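Quantities reported herein were computed from a predicted structural model and do not represent experimental measurements. Atoms within each ligand, like the ligands themselves, are counted from 1 in listed order. Numbers here simply count residues along the sequence, with the first being 1.
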Amino acid sequence: MMDTLITSRYRRRWCLLPVIAITVIVLLASCYYDNEEALYPSYNTLCDTTNVTFSSTIAPMLSSNCLSCHSNSSAASLGNNIRLEDYADVQIRATAIAGSIKHTGTYSPMPKNGGKLMDCSIIQFDIWVKKGMPDN
Ligand code: HEC
């Protein structure tokens with residue numbers, strides 16, 4: 001009598017296991033999907049790594065993140081005389097810019113006193129350098 005009672009209790013517990021397992025898997029799967037969508041919307045859908053040009057990609061990125069201190073007029077007072085407004089100035093400093101925006105090596109992390117740039121912008125800068133820094 002005692003034996004059968006114990007056995008049937010065990011059976012009932014084991015029966016629940018697949019149900020619990022499936023519930024956990026479904027919950028995890030839906031969480032993972034939501035997070036990916038929420039965390040990387042621009043990188044997955046909007047990061048253009050094929051049409052990278054100086055005028056449409058690099059100059060606008062510098063303009064919105066760097067020229068407050070590194071424009072031709074602001075550089076002397078705020079940007080340590082480092083100008084990043086004209087193509088020639090950007091090309092000459094490409095290695096330092098890459099180091100600064102990646103926050104690696106011995107270069108000062110940039111933008112100064114600001115958050116790191118989006119991964120997309122950093123990747124696009126590397127692509128432009130690898131293409132030979134065209135003035136396009
Ligand atoms: C708030 C002002 C400010 C902003 C915004 C800013 N910089 Fe700077 N930057 C400076 C100053 C000041 C220096 C001089 C070094 C230092 O004080 O860190 C500097 C230095 C640099 C250097 C030389 C670093 C070295 O170690 O040789 C580079 C390259 C540079 N900035 C690129 C950028 C880029 C690219 C951006 C935008 C992504 C940017 N900066 C945004 C103020 C700024």
Suppose we measure from atom 12 (C) of ligand 1 to each protein heavy atom; which comes out shortest, and what is that distance? Leu78 O, 3.3 Å
Mind checking how many protein N/O/S atoms fall short of 2.8 Å from atom 8 (Fe) of ligand 1? 2
Find all atoms of ligand 1 within a distance of less than 4.0 Å from any non-hydrogen atom belonging to Ser68, and give their numbers and elements. 5 (C)
Ignoring hydrogens and geometry beyond distance, is a side-chain donor-acceptor pair present between Asn51 and Thr53 at under 3.5 Å? no
Can you name the atoms of ligand 1, numbered from 1 with element, that are less than 4.0 Å from a heavy atom of Ala96? 29 (C)
So, the side chain of Tyr87 versus the backbone of Met133: is there a donor-acceptor pair under 3.5 Å, distance only? yes
Give the atoms of ligand 1, by number and element, whose distance to some non-hydrogen atom of Ile97 is under 4.0 Å. 29 (C), 35 (C)
Side chain to side chain contact (heavy atoms under 4.5 Å, CB included) filter on Ser74, not counting sequence neighbours, yields Ser71, Leu78
I'd like to know if Asn65 contacts ligand 1, where contact means a heavy-atom distance under 4.0 Å to any ligand atom. yes
Would you say Ser63's side chain and Ala59's backbone share a donor-acceptor pair under 3.5 angstrom? no
Straight-line distance of Ile127 CD1 to Thr57 OG1, nearest 0.5 Å: 9.0 Å
Expected output: side-chain Glu85 to main-chain Leu67 donor-acceptor under 3.5 Å: no
Exam field: side chain Asp89 to backbone Leu84, donor-acceptor pair closer than 3.5 Å: no
Check for me, please, whether Met110 and Trp128 land in the same ILVMFWY cluster - side-chain distances under 4.5 Å, paths through other members count. no
Side-chain donor or acceptor of His103 paired with backbone N/O of Pro109 under 3.5 Å: no
Would you mind checking which non-hydrogen protein atom is closest to atom 27 (O) of ligand 1, with the distance to 0.1 Å? Tyr107 CD2, 3.8 Å
